[in-house]
Undergrad: 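My questions all concern the structure below.
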2 protein chains.
Amino acid sequence: MDTNWSVRLDTEARTLGDRTATRLRELIRDGVFAPGARLPAEPELARRLGVSRPTLRAAVTELIADLLLVRRRGVGTFVSAVPRSTHGLERLVGTGHGIALLGRRPGTTGLRVRHVGADASIAAQLHVAPGDPLVRISRTRTADEVPVVHCAEWIPADLLPEPTALDAFGAADSLHDRLAALGLPLRQAVARLVPVLPDADLRDRLDLASDAPVLLLEQRHFPATRTDRVALFSRHWYDSGRIDLQVVRRG
Amino acid sequence: MDTNWSVRLDTEARTLGDRTATRLRELIRDGVFAPGARLPAEPELARRLGVSRPTLRAAVTELIADLLLVRRRGVGTFVSAVPRSTHGLERLVGTGHGIALLGRRPGTTGLRVRHVGADASIAAQLHVAPGDPLVRISRTRTADEVPVVHCAEWIPADLLPEPTALDAFGAADSLHDRLAALGLPLRQAVARLVPVLPDADLRDRLDLASDAPVLLLEQRHFPATRTDRVALFSRHWYDSGRIDLQVVRRG
DNA sequence: GAGTGGTCTAGACCACCAG
DNA sequence: TGGTGGTCTAGACCACTCC
(Lines give C-alpha, C1' and ligand atoms only; values in the text may rest on other atoms or scores of the structure.)
Protein backbone atom coordinates (compact mmCIF):
# COMPACT_ATOMS: atom_id res chain seq x y z
CA MET A 1 0.00 0.00 0.00
CA ASP A 2 2.47 2.60 -1.19
CA THR A 3 0.56 5.70 -0.24
CA ASN A 4 3.61 7.85 -0.64
CA TRP A 5 2.54 9.86 -3.63
CA SER A 6 -1.18 9.62 -3.25
CA VAL A 7 -0.76 11.85 -0.23
CA ARG A 8 -0.04 14.74 -2.54
CA LEU A 9 -3.15 16.70 -3.23
CA ASP A 10 -2.75 16.05 -6.93
CA THR A 11 -6.49 15.77 -7.47
CA GLU A 12 -6.29 18.68 -9.88
CA ALA A 13 -2.64 19.56 -9.98
CA ARG A 14 -1.34 22.94 -10.92
CA THR A 15 0.39 22.57 -14.24
CA LEU A 16 -0.24 20.26 -17.17
CA GLY A 17 3.21 18.79 -16.65
CA ASP A 18 2.33 17.88 -13.07
CA ARG A 19 -0.98 16.36 -14.12
CA THR A 20 0.81 14.38 -16.81
CA ALA A 21 3.27 13.18 -14.17
CA THR A 22 0.34 12.01 -12.07
CA ARG A 23 -1.13 10.14 -15.05
CA LEU A 24 2.22 8.47 -15.67
CA ARG A 25 2.45 7.47 -12.02
CA GLU A 26 -0.97 5.85 -12.30
CA LEU A 27 -0.01 4.02 -15.48
CA ILE A 28 3.09 2.66 -13.75
CA ARG A 29 1.21 1.81 -10.56
CA ASP A 30 -1.47 -0.02 -12.56
CA GLY A 31 1.15 -2.05 -14.40
CA VAL A 32 0.47 -0.60 -17.85
CA PHE A 33 4.18 0.17 -17.83
CA ALA A 34 5.75 -2.68 -15.90
CA PRO A 35 8.91 -2.36 -13.81
CA GLY A 36 11.98 -2.58 -16.03
CA ALA A 37 9.98 -2.00 -19.21
CA ARG A 38 10.84 0.65 -21.77
CA LEU A 39 8.38 3.47 -22.27
CA PRO A 40 7.28 4.43 -25.78
CA ALA A 41 9.52 7.03 -27.40
CA GLU A 42 8.89 10.55 -26.19
CA PRO A 43 7.11 11.89 -29.32
CA GLU A 44 4.87 8.80 -29.40
CA LEU A 45 4.13 8.93 -25.65
CA ALA A 46 3.43 12.66 -25.83
CA ARG A 47 0.96 12.07 -28.64
CA ARG A 48 -0.80 9.30 -26.74
CA LEU A 49 -1.09 11.45 -23.62
CA GLY A 50 -2.27 14.41 -25.65
CA VAL A 51 0.52 16.79 -24.64
CA SER A 52 3.52 18.32 -26.34
CA ARG A 53 6.94 16.80 -25.99
CA PRO A 54 8.35 19.52 -23.69
CA THR A 55 5.38 19.01 -21.38
CA LEU A 56 5.89 15.25 -21.41
CA ARG A 57 9.59 15.74 -20.67
CA ALA A 58 8.74 17.92 -17.67
CA ALA A 59 6.56 15.11 -16.34
CA VAL A 60 9.22 12.46 -16.98
CA THR A 61 11.86 14.63 -15.32
CA GLU A 62 9.65 14.81 -12.25
CA LEU A 63 9.29 11.03 -12.09
CA ILE A 64 13.05 10.64 -12.52
CA ALA A 65 13.52 12.85 -9.49
CA ASP A 66 11.25 10.43 -7.63
CA LEU A 67 13.41 7.51 -8.78
CA LEU A 68 10.47 6.03 -10.70
CA LEU A 69 12.04 6.37 -14.16
CA VAL A 70 15.49 6.28 -15.71
CA ARG A 71 16.48 7.93 -18.98
CA ARG A 72 19.23 6.53 -21.18
CA ARG A 73 20.23 8.70 -24.07
CA GLY A 74 19.96 6.98 -27.42
CA VAL A 75 18.26 4.01 -25.80
CA GLY A 76 15.04 4.92 -24.09
CA THR A 77 13.25 5.69 -20.85
CA PHE A 78 12.70 2.81 -18.45
CA VAL A 79 10.51 2.10 -15.45
CA SER A 80 12.54 1.52 -12.31
CA ALA A 81 12.78 -2.09 -11.29
CA VAL A 82 12.29 -1.05 -7.65
CA PRO A 83 10.03 1.97 -7.88
CA ARG A 84 10.04 4.07 -4.76
CA SER A 85 9.41 7.71 -4.12
CA THR A 86 11.15 9.56 -1.35
CA HIS A 87 11.62 13.07 -0.16
CA GLY A 88 13.21 14.75 2.78
CA LEU A 89 14.38 18.02 4.22
CA GLU A 90 15.29 19.39 0.79
CA ARG A 91 11.57 20.02 0.31
CA LEU A 92 10.33 22.94 2.34
CA VAL A 93 7.04 21.98 3.95
CA GLY A 94 5.53 22.85 7.28
CA THR A 95 6.58 20.62 10.15
CA GLY A 96 3.07 19.27 10.60
CA HIS A 97 2.68 18.58 6.90
CA GLY A 98 6.05 16.82 6.91
CA ILE A 99 4.88 14.54 9.71
CA ALA A 100 1.71 13.77 7.74
CA LEU A 101 3.79 12.94 4.66
CA LEU A 102 5.51 10.27 6.74
CA GLY A 103 2.12 8.70 7.30
CA ARG A 104 1.79 9.82 10.90
CA ARG A 105 -0.77 12.03 12.59
CA PRO A 106 0.63 15.45 13.55
CA GLY A 107 -0.27 17.15 16.81
CA THR A 108 0.83 20.10 18.94
CA THR A 109 1.46 20.59 22.65
CA GLY A 110 2.68 23.51 24.67
CA LEU A 111 1.87 26.20 22.12
CA ARG A 112 2.92 29.66 23.20
CA VAL A 113 2.85 32.94 21.28
CA ARG A 114 4.77 35.88 22.69
CA HIS A 115 5.97 39.34 21.73
CA VAL A 116 9.66 39.76 22.50
CA GLY A 117 12.58 41.97 21.62
CA ALA A 118 15.35 40.51 19.47
CA ASP A 119 18.43 39.42 21.37
CA ALA A 120 21.80 39.71 19.69
CA SER A 121 22.02 36.24 18.19
CA ILE A 122 18.47 36.20 16.83
CA ALA A 123 18.82 39.75 15.51
CA ALA A 124 21.89 38.74 13.52
CA GLN A 125 20.04 35.83 11.92
CA LEU A 126 17.01 37.95 11.01
CA HIS A 127 18.96 41.00 9.84
CA VAL A 128 17.20 43.25 12.32
CA ALA A 129 18.53 45.49 15.07
CA PRO A 130 18.81 44.09 18.61
CA GLY A 131 15.65 44.90 20.53
CA ASP A 132 13.44 45.05 17.44
CA PRO A 133 9.96 43.62 18.09
CA LEU A 134 9.54 39.96 17.20
CA VAL A 135 6.75 37.44 17.44
CA ARG A 136 7.99 34.26 19.05
CA ILE A 137 6.10 31.00 18.69
CA SER A 138 7.13 27.86 20.51
CA ARG A 139 5.51 24.46 20.54
CA THR A 140 6.25 20.77 20.62
CA ARG A 141 5.06 18.71 17.66
CA THR A 142 3.89 15.14 18.08
CA ALA A 143 3.49 12.26 15.63
CA ASP A 144 0.77 9.83 16.67
CA GLU A 145 0.79 11.50 20.09
CA VAL A 146 4.53 10.96 20.55
CA PRO A 147 6.64 14.13 20.81
CA VAL A 148 9.21 14.21 18.00
CA VAL A 149 10.38 17.81 17.63
CA HIS A 150 10.39 20.96 19.68
CA CYS A 151 10.07 24.14 17.64
CA ALA A 152 10.93 27.76 18.35
CA GLU A 153 10.19 30.41 15.71
CA TRP A 154 10.97 34.14 15.52
CA ILE A 155 9.26 36.51 13.07
CA PRO A 156 9.99 40.24 12.70
CA ALA A 157 6.78 42.02 13.69
CA ASP A 158 7.19 44.66 10.99
CA LEU A 159 6.79 42.03 8.27
CA LEU A 160 3.25 41.32 9.46
CA PRO A 161 0.28 43.48 8.39
CA GLU A 162 -0.30 44.08 12.11
CA PRO A 163 1.96 43.13 15.01
CA THR A 164 -0.93 41.19 16.55
CA ALA A 165 -1.71 39.22 13.39
CA LEU A 166 -0.45 35.97 14.88
CA ASP A 167 -1.88 36.35 18.39
CA ALA A 168 -4.79 34.07 17.51
CA PHE A 169 -2.50 31.38 16.11
CA GLY A 170 -3.88 28.00 17.17
CA ALA A 171 -2.48 24.57 17.87
CA ALA A 172 -4.08 23.10 14.76
CA ASP A 173 -2.88 25.89 12.46
CA SER A 174 -0.11 25.70 9.90
CA LEU A 175 2.35 28.55 10.27
CA HIS A 176 3.27 28.33 6.60
CA ASP A 177 -0.35 28.66 5.55
CA ARG A 178 -0.99 31.43 8.05
CA LEU A 179 1.98 33.46 6.85
CA ALA A 180 0.97 32.96 3.22
CA ALA A 181 -2.51 34.24 4.07
CA LEU A 182 -0.86 37.28 5.66
CA GLY A 183 0.97 38.06 2.43
CA LEU A 184 4.27 36.54 3.52
CA PRO A 185 4.57 33.22 1.70
CA LEU A 186 7.79 31.30 2.38
CA ARG A 187 9.64 29.93 -0.61
CA GLN A 188 13.02 28.79 0.63
CA ALA A 189 14.91 28.05 3.79
CA VAL A 190 18.56 27.46 4.58
CA ALA A 191 18.88 24.95 7.39
CA ARG A 192 22.05 24.43 9.40
CA LEU A 193 22.40 20.97 10.91
CA VAL A 194 23.92 20.73 14.37
CA PRO A 195 23.97 17.64 16.59
CA VAL A 196 23.55 18.72 20.21
CA LEU A 197 23.07 17.23 23.63
CA PRO A 198 19.63 17.95 25.07
CA ASP A 199 19.42 20.08 28.19
CA ALA A 200 16.99 19.35 31.01
CA ASP A 201 14.26 21.53 29.54
CA LEU A 202 14.43 19.86 26.15
CA ARG A 203 14.53 16.39 27.69
CA ASP A 204 11.34 17.29 29.48
CA ARG A 205 9.56 18.71 26.45
CA LEU A 206 10.50 15.79 24.19
CA ASP A 207 10.05 13.24 26.96
CA LEU A 208 13.54 11.88 26.33
CA ALA A 209 14.60 8.91 28.40
CA SER A 210 18.31 9.00 27.66
CA ASP A 211 20.75 11.81 27.00
CA ALA A 212 21.27 10.67 23.42
CA PRO A 213 22.07 13.61 21.14
CA VAL A 214 19.31 15.32 19.19
CA LEU A 215 19.49 17.10 15.83
CA LEU A 216 19.09 20.86 15.87
CA LEU A 217 17.92 22.53 12.66
CA GLU A 218 18.66 26.25 12.64
CA GLN A 219 16.67 27.65 9.76
CA ARG A 220 16.48 30.99 8.02
CA HIS A 221 13.35 31.28 5.90
CA PHE A 222 13.16 33.59 2.90
CA PRO A 223 9.89 35.03 1.59
CA ALA A 224 8.82 34.36 -1.97
CA THR A 225 8.56 37.98 -3.01
CA ARG A 226 11.67 39.60 -1.57
CA THR A 227 15.12 38.64 -0.43
CA ASP A 228 16.28 41.71 1.42
CA ARG A 229 14.75 40.33 4.57
CA VAL A 230 14.67 37.07 6.45
CA ALA A 231 11.02 36.29 7.14
CA LEU A 232 11.49 33.74 9.89
CA PHE A 233 14.24 32.19 11.97
CA SER A 234 13.62 28.92 13.70
CA ARG A 235 15.29 26.34 15.85
CA HIS A 236 13.87 22.82 15.65
CA TRP A 237 15.20 20.07 17.93
CA TYR A 238 14.45 16.64 16.47
CA ASP A 239 14.52 13.39 18.39
CA SER A 240 16.04 11.32 15.61
CA GLY A 241 15.14 8.15 17.48
CA ARG A 242 11.46 8.86 16.92
CA ILE A 243 11.40 10.43 13.49
CA ASP A 244 13.53 9.74 10.44
CA LEU A 245 15.36 12.73 9.04
CA GLN A 246 16.37 12.35 5.42
CA VAL A 247 17.77 14.42 2.60
CA VAL A 248 17.47 13.41 -1.04
CA ARG A 249 20.62 14.54 -2.81
CA ARG A 250 20.58 15.07 -6.58
CA GLY A 251 23.58 15.30 -8.86
CA MET B 1 35.49 38.25 -2.47
CA ASP B 2 32.43 36.12 -3.03
CA THR B 3 34.07 33.18 -4.69
CA ASN B 4 31.03 31.05 -4.21
CA TRP B 5 29.96 30.63 -7.76
CA SER B 6 33.22 31.28 -9.49
CA VAL B 7 34.30 27.94 -8.09
CA ARG B 8 31.90 26.21 -10.44
CA LEU B 9 33.70 25.12 -13.56
CA ASP B 10 31.32 27.18 -15.65
CA THR B 11 34.06 28.20 -18.03
CA GLU B 12 32.09 26.63 -20.84
CA ALA B 13 28.95 25.33 -19.17
CA ARG B 14 26.91 22.50 -20.51
CA THR B 15 23.66 23.94 -21.73
CA LEU B 16 22.80 27.32 -23.18
CA GLY B 17 20.51 27.96 -20.24
CA ASP B 18 23.40 27.39 -17.82
CA ARG B 19 25.69 29.65 -19.84
CA THR B 20 22.98 32.31 -19.87
CA ALA B 21 22.67 31.95 -16.10
CA THR B 22 26.41 32.53 -15.80
CA ARG B 23 26.15 35.65 -17.96
CA LEU B 24 23.31 36.94 -15.78
CA ARG B 25 25.38 36.28 -12.67
CA GLU B 26 28.20 38.33 -14.13
CA LEU B 27 25.85 41.18 -15.07
CA ILE B 28 24.54 41.24 -11.50
CA ARG B 29 28.00 40.93 -9.99
CA ASP B 30 29.27 43.79 -12.15
CA GLY B 31 26.39 46.00 -11.10
CA VAL B 32 24.75 46.25 -14.52
CA PHE B 33 21.66 45.02 -12.71
CA ALA B 34 21.87 46.57 -9.28
CA PRO B 35 20.50 44.96 -6.12
CA GLY B 36 16.79 45.65 -5.83
CA ALA B 37 16.47 46.72 -9.45
CA ARG B 38 13.94 45.30 -11.86
CA LEU B 39 15.24 43.31 -14.79
CA PRO B 40 13.97 44.06 -18.31
CA ALA B 41 10.89 42.09 -19.25
CA GLU B 42 11.60 38.51 -20.23
CA PRO B 43 11.04 38.88 -24.02
CA GLU B 44 13.24 41.99 -24.05
CA LEU B 45 15.97 40.42 -21.90
CA ALA B 46 15.92 37.26 -23.99
CA ARG B 47 16.37 39.30 -27.15
CA ARG B 48 19.27 41.26 -25.65
CA LEU B 49 21.00 38.08 -24.52
CA GLY B 50 20.37 36.40 -27.86
CA VAL B 51 18.39 33.46 -26.55
CA SER B 52 14.77 32.37 -26.67
CA ARG B 53 12.43 33.11 -23.82
CA PRO B 54 12.22 29.51 -22.53
CA THR B 55 16.03 29.41 -22.41
CA LEU B 56 16.13 32.71 -20.56
CA ARG B 57 13.51 31.45 -18.14
CA ALA B 58 15.60 28.36 -17.41
CA ALA B 59 18.51 30.65 -16.54
CA VAL B 60 16.37 32.90 -14.37
CA THR B 61 14.90 29.89 -12.58
CA GLU B 62 18.43 28.77 -11.76
CA LEU B 63 19.32 32.16 -10.27
CA ILE B 64 16.09 32.16 -8.26
CA ALA B 65 17.13 28.84 -6.78
CA ASP B 66 20.37 30.57 -5.76
CA LEU B 67 18.39 33.38 -4.10
CA LEU B 68 19.86 35.91 -6.53
CA LEU B 69 16.56 36.82 -8.21
CA VAL B 70 12.89 37.03 -7.29
CA ARG B 71 9.99 36.75 -9.72
CA ARG B 72 6.70 38.55 -9.09
CA ARG B 73 3.93 37.67 -11.47
CA GLY B 74 2.46 40.63 -13.27
CA VAL B 75 5.16 42.86 -11.85
CA GLY B 76 8.63 41.81 -12.85
CA THR B 77 11.82 40.02 -11.95
CA PHE B 78 14.05 41.68 -9.37
CA VAL B 79 17.63 41.39 -8.23
CA SER B 80 17.88 40.34 -4.60
CA ALA B 81 18.76 43.16 -2.28
CA VAL B 82 21.10 40.83 -0.42
CA PRO B 83 22.43 38.58 -3.15
CA ARG B 84 23.97 35.40 -1.89
CA SER B 85 24.29 31.96 -3.32
CA THR B 86 24.15 28.93 -1.14
CA HIS B 87 23.93 25.22 -1.47
CA GLY B 88 24.15 22.27 0.82
CA LEU B 89 23.62 18.59 1.17
CA GLU B 90 20.69 18.62 -1.25
CA ARG B 91 23.29 18.76 -4.03
CA LEU B 92 25.06 15.47 -4.51
CA VAL B 93 28.76 16.12 -4.91
CA GLY B 94 31.79 14.19 -3.81
CA THR B 95 32.97 14.93 -0.28
CA GLY B 96 36.22 16.44 -1.49
CA HIS B 97 34.45 18.62 -4.03
CA GLY B 98 32.03 19.74 -1.35
CA ILE B 99 34.93 20.85 0.84
CA ALA B 100 36.39 22.76 -2.10
CA LEU B 101 33.04 24.47 -2.70
CA LEU B 102 33.26 25.81 0.85
CA GLY B 103 36.50 27.49 -0.14
CA ARG B 104 38.72 25.08 1.75
CA ARG B 105 41.45 22.75 0.54
CA PRO B 106 40.43 19.08 0.69
CA GLY B 107 42.81 16.34 1.77
CA THR B 108 42.77 12.68 2.70
CA THR B 109 44.39 10.66 5.47
CA GLY B 110 44.18 7.01 6.47
CA LEU B 111 42.96 5.74 3.11
CA ARG B 112 42.26 2.03 3.10
CA VAL B 113 40.72 -0.16 0.38
CA ARG B 114 39.62 -3.68 1.34
CA HIS B 115 37.62 -6.61 -0.03
CA VAL B 116 35.06 -7.79 2.50
CA GLY B 117 31.89 -9.84 2.71
CA ALA B 118 28.64 -8.02 3.41
CA ASP B 119 27.46 -8.21 7.00
CA ALA B 120 23.75 -8.27 7.69
CA SER B 121 23.17 -4.54 8.14
CA ILE B 122 25.20 -3.48 5.12
CA ALA B 123 23.67 -6.21 2.97
CA ALA B 124 20.19 -4.92 3.78
CA GLN B 125 21.13 -1.39 2.73
CA LEU B 126 22.73 -2.54 -0.54
CA HIS B 127 20.04 -5.09 -1.46
CA VAL B 128 22.59 -7.89 -1.65
CA ALA B 129 22.84 -11.20 0.18
CA PRO B 130 24.88 -11.39 3.39
CA GLY B 131 28.41 -12.47 2.57
CA ASP B 132 28.35 -11.06 -0.95
CA PRO B 133 31.69 -9.54 -1.98
CA LEU B 134 32.02 -5.81 -1.38
CA VAL B 135 34.75 -3.25 -1.82
CA ARG B 136 35.14 -1.18 1.30
CA ILE B 137 36.90 2.18 1.27
CA SER B 138 37.56 4.15 4.41
CA ARG B 139 39.37 7.43 4.85
CA THR B 140 39.35 10.65 6.81
CA ARG B 141 38.84 13.86 4.87
CA THR B 142 40.54 17.08 5.88
CA ALA B 143 39.82 20.72 5.09
CA ASP B 144 42.92 22.90 5.20
CA GLU B 145 44.71 20.00 6.94
CA VAL B 146 42.06 19.79 9.69
CA PRO B 147 40.08 16.52 9.83
CA VAL B 148 36.39 17.23 9.33
CA VAL B 149 34.72 13.97 8.32
CA HIS B 150 35.46 10.27 8.51
CA CYS B 151 34.07 8.26 5.59
CA ALA B 152 33.30 4.59 5.14
CA GLU B 153 31.97 3.33 1.79
CA TRP B 154 30.72 -0.05 0.62
CA ILE B 155 30.31 -0.98 -3.06
CA PRO B 156 28.98 -4.31 -4.40
CA ALA B 157 31.87 -5.90 -6.29
CA ASP B 158 29.60 -7.25 -9.02
CA LEU B 159 28.70 -3.71 -10.10
CA LEU B 160 32.31 -3.07 -11.05
CA PRO B 161 33.75 -4.17 -14.39
CA GLU B 162 36.30 -6.13 -12.37
CA PRO B 163 36.34 -6.76 -8.62
CA THR B 164 39.82 -5.23 -8.45
CA ALA B 165 38.87 -2.07 -10.35
CA LEU B 166 39.20 0.11 -7.25
CA ASP B 167 42.34 -1.45 -5.78
CA ALA B 168 44.48 1.36 -7.19
CA PHE B 169 42.18 4.05 -5.75
CA GLY B 170 44.38 6.85 -4.44
CA ALA B 171 44.16 9.50 -1.77
CA ALA B 172 43.81 12.30 -4.31
CA ASP B 173 41.11 10.52 -6.34
CA SER B 174 37.43 11.36 -6.43
CA LEU B 175 35.28 8.29 -5.87
CA HIS B 176 32.43 9.85 -7.83
CA ASP B 177 34.66 10.47 -10.82
CA ARG B 178 36.25 7.06 -10.55
CA LEU B 179 32.91 5.28 -10.48
CA ALA B 180 31.65 7.33 -13.42
CA ALA B 181 34.74 6.31 -15.38
CA LEU B 182 33.95 2.69 -14.51
CA GLY B 183 30.47 3.04 -16.02
CA LEU B 184 28.69 3.52 -12.70
CA PRO B 185 27.82 7.22 -12.47
CA LEU B 186 25.94 8.23 -9.34
CA ARG B 187 22.91 10.42 -9.82
CA GLN B 188 21.08 10.48 -6.51
CA ALA B 189 21.53 9.61 -2.88
CA VAL B 190 19.17 9.32 0.06
CA ALA B 191 20.92 10.43 3.23
CA ARG B 192 19.66 9.65 6.72
CA LEU B 193 20.76 12.13 9.39
CA VAL B 194 21.61 10.76 12.81
CA PRO B 195 23.30 12.66 15.64
CA VAL B 196 25.61 10.28 17.52
CA LEU B 197 28.21 10.34 20.24
CA PRO B 198 31.70 9.58 18.94
CA ASP B 199 33.40 6.43 20.17
CA ALA B 200 37.08 6.30 21.00
CA ASP B 201 38.10 5.27 17.50
CA LEU B 202 36.20 8.13 15.87
CA ARG B 203 37.52 10.65 18.41
CA ASP B 204 41.00 9.54 17.44
CA ARG B 205 40.43 9.71 13.68
CA LEU B 206 38.77 13.14 13.82
CA ASP B 207 41.10 14.39 16.54
CA LEU B 208 38.15 15.40 18.69
CA ALA B 209 38.94 17.12 21.95
CA SER B 210 35.53 16.83 23.56
CA ASP B 211 32.82 14.22 23.41
CA ALA B 212 30.46 16.60 21.66
CA PRO B 213 28.06 14.74 19.35
CA VAL B 214 28.86 14.36 15.65
CA LEU B 215 26.50 14.07 12.70
CA LEU B 216 26.32 10.71 10.97
CA LEU B 217 25.13 10.64 7.35
CA GLU B 218 24.00 7.18 6.28
CA GLN B 219 23.69 7.33 2.53
CA ARG B 220 22.36 5.04 -0.14
CA HIS B 221 23.56 6.06 -3.62
CA PHE B 222 21.63 5.21 -6.77
CA PRO B 223 23.28 4.89 -10.19
CA ALA B 224 22.13 7.08 -13.07
CA THR B 225 21.25 4.28 -15.43
CA ARG B 226 19.40 1.78 -13.25
CA THR B 227 17.41 1.77 -10.08
CA ASP B 228 17.14 -1.91 -9.31
CA ARG B 229 20.38 -1.74 -7.38
CA VAL B 230 22.03 0.44 -4.78
CA ALA B 231 25.46 1.36 -6.11
CA LEU B 232 27.06 2.49 -2.88
CA PHE B 233 26.29 2.68 0.80
CA SER B 234 28.27 5.03 2.98
CA ARG B 235 28.55 6.29 6.52
CA HIS B 236 30.07 9.73 6.97
CA TRP B 237 30.73 11.14 10.44
CA TYR B 238 30.95 14.93 10.36
CA ASP B 239 32.48 17.10 13.07
CA SER B 240 29.92 19.88 12.84
CA GLY B 241 32.18 22.10 14.89
CA ARG B 242 34.71 22.19 12.07
CA ILE B 243 32.50 22.17 8.99
CA ASP B 244 29.11 23.72 8.38
CA LEU B 245 26.40 21.31 7.27
CA GLN B 246 23.52 22.96 5.47
CA VAL B 247 20.47 22.01 3.48
CA VAL B 248 18.71 24.44 1.16
CA ARG B 249 14.99 23.70 1.30
CA ARG B 250 12.74 24.75 -1.57
CA GLY B 251 8.99 25.09 -1.52
C1' DG C 1 -5.99 48.68 -20.46
C1' DA C 2 -1.11 47.88 -20.67
C1' DG C 3 2.55 45.23 -19.21
C1' DT C 4 4.34 41.46 -16.67
C1' DG C 5 5.39 36.62 -15.66
C1' DG C 6 3.15 31.53 -16.27
C1' DT C 7 2.21 28.00 -19.39
C1' DC C 8 2.03 25.22 -23.49
C1' DT C 9 2.77 24.01 -28.28
C1' DA C 10 4.95 22.49 -32.73
C1' DG C 11 8.82 21.73 -34.81
C1' DA C 12 13.64 21.64 -35.62
C1' DC C 13 18.36 20.00 -35.14
C1' DC C 14 21.87 17.55 -32.61
C1' DA C 15 24.41 13.72 -29.96
C1' DC C 16 24.31 9.24 -28.73
C1' DC C 17 23.51 4.18 -29.04
C1' DA C 18 22.38 0.07 -31.20
C1' DG C 19 22.01 -3.14 -35.12
C1' DT D 1 21.56 3.52 -40.52
C1' DG D 2 17.63 4.43 -37.83
C1' DG D 3 15.73 5.45 -33.52
C1' DT D 4 16.35 7.52 -29.06
C1' DG D 5 16.80 11.22 -25.76
C1' DG D 6 19.02 16.34 -25.32
C1' DT D 7 18.43 20.95 -26.59
C1' DC D 8 16.65 25.19 -28.39
C1' DT D 9 13.48 28.22 -30.83
C1' DA D 10 9.43 31.18 -32.10
C1' DG D 11 5.18 32.17 -31.02
C1' DA D 12 0.81 31.88 -28.81
C1' DC D 13 -2.49 32.46 -25.08
C1' DC D 14 -3.55 33.07 -20.25
C1' DA D 15 -3.51 35.14 -15.37
C1' DC D 16 -2.08 38.47 -12.64
C1' DT D 17 -0.80 43.30 -11.08
C1' DC D 18 -1.02 47.96 -11.30
C1' DC D 19 -2.43 52.33 -13.14
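So that the names make sense, note that chain A is the first sequence line, chain B the second, and so on, each numbered from 1. Both backbone and side-chain heavy atoms feed into the values below; hydrogens, waters and symmetry mates do not. As the structure is a prediction and not an experimental result, all values here were calculated from the model.
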Undergrad: Mind listing the closest non-hydrogen atom pair of A:Ala165 and A:Leu160 along with its distance?
TA: CB-CB, 4.4 Å

Undergrad: Measure from CZ on A:Arg38 to P on D:dG3 and round the result to the nearest Å.
TA: 11 Å

Undergrad: Nearest 0.5 Å, what's the CG-CD distance between A:Leu67 and B:Gln188?
TA: 4.0 Å

Undergrad: Please list residues of residues 41-48 of chain A whose heavy atoms come under 4.0 Å from any atom in DNA chain C, ordered by number; otherwise none.
TA: none

Undergrad: Rounded off to whole Å, could you give me the CG-to-P distance for the B:Leu69 and C:dG6 pair?
TA: 12 Å

Undergrad: To the nearest Å, give me how far apart CG (B:Asp18) and C1' (D:dG6) are.
TA: 13 Å

Undergrad: Distance check: side-chain N/O of A:Arg57 vs OP1/OP2 of D:dG5, anything under 4.0 Å?
TA: no

Undergrad: Shortest non-hydrogen contact from B:Arg38 to B:Gly76?
TA: CD-CA, 4.1 Å

Undergrad: Reading nucleotides 11-19 of chain D 5' to 3', which nucleotides get B (base under 4.0 Å from a protein heavy atom), which S (sugar-phosphate only), which -?
TA: -B--BBB--

Undergrad: Please tell me if B:Thr15 has a side-chain N or O lying less than 4.0 Å from either OP1 or OP2 of D:dG6.
TA: no

Undergrad: For B:Ala59 versus B:Leu24, what's the shortest heavy-atom pair and its separation?
TA: CB-CD1, 4.3 Å

Undergrad: Could you tell me how far apart A:Arg19 (CZ) and C:dG6 (C1') are, to the nearest whole angstrom?
TA: 13 Å

Undergrad: Identify whether NZ of Lys or CZ of Arg in B:Arg71 sits under 6.0 Å from the centre of the six-membered ring of B:Phe78 and within 45° of that ring's axis.
TA: no

Undergrad: Grab the CZ-P distance between B:Arg14 and D:dT7 for me, whole Å please.
TA: 9 Å

Undergrad: Does the side-chain contact (heavy atoms from CB on, under 4.5 Å) test come out yes or no for A:His236 and A:Thr95, once each step is laid out?
TA: CA-CA 9 Å; A:His236 289 191; A:Thr95 311; 3.2 Å; yes

Undergrad: Before you tell me yes or no, could you show the steps for A:Thr108 and A:Arg141 under side chain to side chain donor-acceptor pair (under 3.5 Å), namely the whole-Å CA-CA distance, both residues' side-chain angles and the distance that decides it to 0.1 Å?
TA: CA-CA 5 Å; A:Thr108 296; A:Arg141 306 305 304 258; 3.1 Å; yes

Undergrad: Is A:Thr77 close enough to D:dT4 that one of its side-chain N or O atoms is under 4.0 Å from OP1 or OP2 there?
TA: no

Undergrad: Can you check side chain to side chain donor-acceptor pair (under 3.5 Å) on A:Asp167 and A:His115, steps first, answer last?
TA: CA-CA 9 Å; A:Asp167 288 4; A:His115 293 263; 2.8 Å; yes

Undergrad: If you assign A:Gly50 and B:Pro40 each to the DNA chain C nucleotide with the nearest heavy atom, which residue ends up on the more 5' nucleotide?
TA: B:Pro40

Undergrad: Roughly, in whole Å, what's the span from CG in B:Leu49 to C1' in D:dC8?
TA: 15 Å

Undergrad: With a cut-off of under 6.0 Å to the ring centre and 45° to the axis, is A:Arg187 in cation-pi contact with A:Phe222?
TA: no

Undergrad: Quickly work out the A:Arg71 CZ to C:dA15 C1' distance and round it to whole Å.
TA: 15 Å

